[in-house]
Undergrad: 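Below you'll find the structure I mean.
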Amino acid sequence: MSQKTSILMVCLGNICRSPLAEGILKSKLDASNFFVDSAGTAGYHVGDLPDRRSIQVAKTHGLDITNQRCRKFSPNDFKMFDHIFVMDNSNYRDVLAEANSEEERQKVDLILNQIFPGENVDVPDPYYGGDHGFESVYQMLDEACEALSKKLSEKL
Ligand code: 4NP
């Protein structure tokens with residue numbers, strides 16, 4: 001049996017954007033072929049549930065992300081994952097700073113490059129804003145994960 005393709009979603013806190021990205025992508029892929037996880041470049045919230053506003057917006061769209069717990073990105077993730085998608089350019093710099101080879105660097109890309117190729121657009125951090133920011137982040141991630149899931153499923 002061949003191994004699962006593994007995808008890691010990364011943001012700063014691992015409580016707002018990347019938990020949504022994890023939940024959304026998981027919902028679009030067959031779990032027998034894919035493993036999806038998320039992590040944060042900072043360790044402020046390790047062990048915590050996703051932000052209540054991410055839990056709420058996911059619920060509104062029929063997804064339950066309350067099984068997730070925050071963890072910090074580790075250089076070992078370069079070995080564990082085939083693809084690493086970051087939410088913004090700051091996450092991109094932080095993750096690349098931990099890479100030890102060209103092969104590891106090649107695994108990393110901004111998630112919105114799935115829908116705006118080569119434009120390096122950020123998923124804005126909704127942490128300090130209101131609930132509307134979370135719906136808008138959900139919509140962007142849903143579109144990007146839809147494109148990504150099609151690409152990954154075609155490659156099987
Ligand atoms: P996230 O948002 O990177 O989308 O999870 C943040 C969550 C928490 C903090 C910053 C961003 N914080 O500073 O605690």
Side-chain angles (χ1 to χ4, degrees), residues 6-29 31 34-100 104-149 151-152:
S6 53
I7 303 106
L8 182 67
M9 298 295 191
V10 176
C11 63
L12 175 64
N14 190 215
I15 55 166
C16 297
R17 293 166 293 177
S18 60
L20 279 175
E22 175 188 335
I24 293 168
L25 187 63
K26 255 186 197 157
S27 76
K28 295 177 186 291
L29 291 173
F34 295 96
F35 174 68
V36 185
D37 193 15
S38 65
T41 57
Y44 316 133
H45 299 280
V46 170
D48 290 358
L49 275 163
D51 186 283
R52 61 174 175 74
R53 295 163 295 177
S54 284
I55 291 175
Q56 184 56 46
V57 80
K59 194 175 169 192
T60 303
H61 292 276
L63 296 180
D64 181 0
I65 60 167
T66 59
N67 61 314
Q68 296 185 34
R69 296 295 179 272
C70 174
R71 77 168 176 90
K72 192 171 186 296
F73 178 81
S74 144
N76 194 46
D77 287 322
F78 286 113
K79 311 233 174 316
M80 303 296 292
F81 291 88
D82 301 306
H83 304 284
I84 298 172
F85 289 101
V86 294
M87 300 297 121
D88 66 30
N89 281 275
S90 163
N91 309 148
Y92 186 76
R93 286 188 291 274
D94 290 342
V95 167
L96 276 206
E98 310 241 31
N100 282 309
E104 292 185 353
R105 282 187 278 279
Q106 290 295 332
K107 292 185 176 187
V108 189
D109 197 7
L110 284 144
I111 184 67
L112 291 187
N113 279 343
Q114 294 300 310
I115 47 174
F116 306 117
E119 292 190 30
N120 299 333
V121 178
D122 289 344
V123 177
D125 188 345
Y127 186 62
Y128 295 104
D131 291 350
H132 181 72
F134 283 74
E135 176 60 28
S136 148
V137 162
Y138 186 95
Q139 294 300 335
M140 294 176 206
L141 289 175
D142 189 53
E143 220 184 298
C145 289
E146 182 65 25
L148 176 60
S149 70
K151 229 186 273 180
L152 290 169

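One-based numbering, in listed order, for ligands and for the atoms of each. Positions are given from 1 along the sequence.
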Undergrad: Using the side-chain contact (heavy atoms from CB on, under 4.5 Å) rule, take His83 and Leu148 through it: C-alpha gap first, then chi angles, then the decisive distance, then the call.
TA: CA-CA 11 Å; His83 304 284; Leu148 176 60; over 6 Å; no

Undergrad: If I apply the N/O under 3.5 Å rule, does Asn14 come out as touching ligand 1?
TA: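 Between Asn14 and ligand 1, an N or O pair is found under 3.5 Å apart.
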
Undergrad: Taking Arg17 for the side chain and Phe134 for the main chain, is one N or O donor matched with an acceptor at less than 3.5 Å?
TA: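 Looks like no, no N/O pair under 3.5 Å.
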
Undergrad: Does ligand 1 come near enough to Cys11 that some N or O of the ligand is less than 3.5 Å from an N or O of the residue?
TA: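 Not met; the criterion fails.
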
Undergrad: Can you find an N/O atom of Pro126 closer than 3.5 Å to an N/O atom of ligand 1?
TA: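 By distance alone, the answer is no.
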
Undergrad: Would Asn91 and Asp94 count as a side-chain hydrogen bond (donor to acceptor under 3.5 Å, both in side chains) if you check the C-alpha gap in whole Å, the side-chain angles of each, and the deciding distance to 0.1 Å?
TA: CA-CA 5 Å; Asn91 309 148; Asp94 290 342; 5.3 Å; no

Undergrad: Please state which part of Ile15 comes within less than 4.0 Å of ligand 1, counting heavy atoms only: side chain, backbone, both or neither.
TA: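 Both the backbone and the side chain of Ile15 come within reach of ligand 1.
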
Undergrad: Checking the N or O distance criterion of under 3.5 Å, is ligand 1 in contact with Arg17?
TA: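 It does: an N or O of Arg17 is found under 3.5 Å from an N or O of ligand 1.
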
Undergrad: Counting each atom of ligand 1 from 1 as listed, which ones have a heavy atom of Tyr44 under 4.0 Å away?
TA: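 Here the atoms of ligand 1 in question are 12 (N), 13 (O), 14 (O).
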
Undergrad: Got a donor-acceptor contact below 3.5 angstrom from the Asn89 side chain to the Asn120 backbone?
TA: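 Yes; judged by distance alone, with no hydrogens or angles, the pair exists.
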
Undergrad: Which heavy atom of the protein is the closest neighbour of atom 10 (C) of ligand 1, given with residue, atom name and distance?
TA: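 Scanning the protein heavy atoms, the shortest distance from atom 10 (C) of ligand 1 goes to Leu12 CD2, 3.7 Å.
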
Undergrad: Any heavy-atom pair between the side chains of His61 and Gln139 that's under 4.5 Å?
TA: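 They are in side-chain contact.
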
Undergrad: Can you list the steps and then say if Met9 with Met87 is a side-chain contact (heavy atoms from CB on, under 4.5 Å)?
TA: CA-CA 8 Å; Met9 298 295 191; Met87 300 297 121; 4.0 Å; yes

Undergrad: Can you check whether Phe78's main-chain N or O pairs, donor with acceptor, with Glu104's side chain at less than 3.5 Å?
TA: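 Flag not set: sc Glu104 to bb Phe78 has no pair under 3.5 Å.
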
Undergrad: To check your reading of the model: name the closest protein heavy atom to atom 14 (O) of ligand 1, its residue, and the distance in Å.
TA: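 Protein heavy atom at minimum distance: His45 NE2, 2.8 Å.
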
Undergrad: Which atoms of ligand 1 sit under 4.0 Å from any heavy atom of Cys16?
TA: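 Matching atoms, with element in brackets: 1 (P), 2 (O), 4 (O), 5 (O).
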
Undergrad: Can Met87 be said to touch ligand 1, with heavy atoms closer than 4.0 Å?
TA: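 Not so, Met87 does not reach ligand 1.
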
Undergrad: Strictly under 6.0 Å, is that where the ring centroids of Phe85 and Tyr92 end up?
TA: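 No, ring centres 6.0 Å or more apart.
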
Undergrad: At what distance is the nearest protein heavy atom to atom 3 (O) of ligand 1, and which residue and atom is it?
TA: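 The answer is Gly13 N, 2.8 Å.
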
Undergrad: Quiz question: by atom type and distance under 3.5 Å, do the side chains of Thr66 and Asp64 form a donor-acceptor pair?
TA: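 Yes, side-chain donor-acceptor contact under 3.5 Å.
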
Undergrad: Which of the atoms in ligand 1, numbered in the order shown and given with their element, are less than 4.0 Å from a heavy-atom of Tyr128?
TA: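 Once the distances to Tyr128 are compared, the set is 13 (O).
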
Undergrad: List the closest protein heavy-atom neighbour of atom 11 (C) of ligand 1: residue, atom name, distance to the nearest 0.1 Å.
TA: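 Ranking protein heavy atoms by distance from atom 11 (C) of ligand 1, first comes Asp125 OD2, 3.0 Å.
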
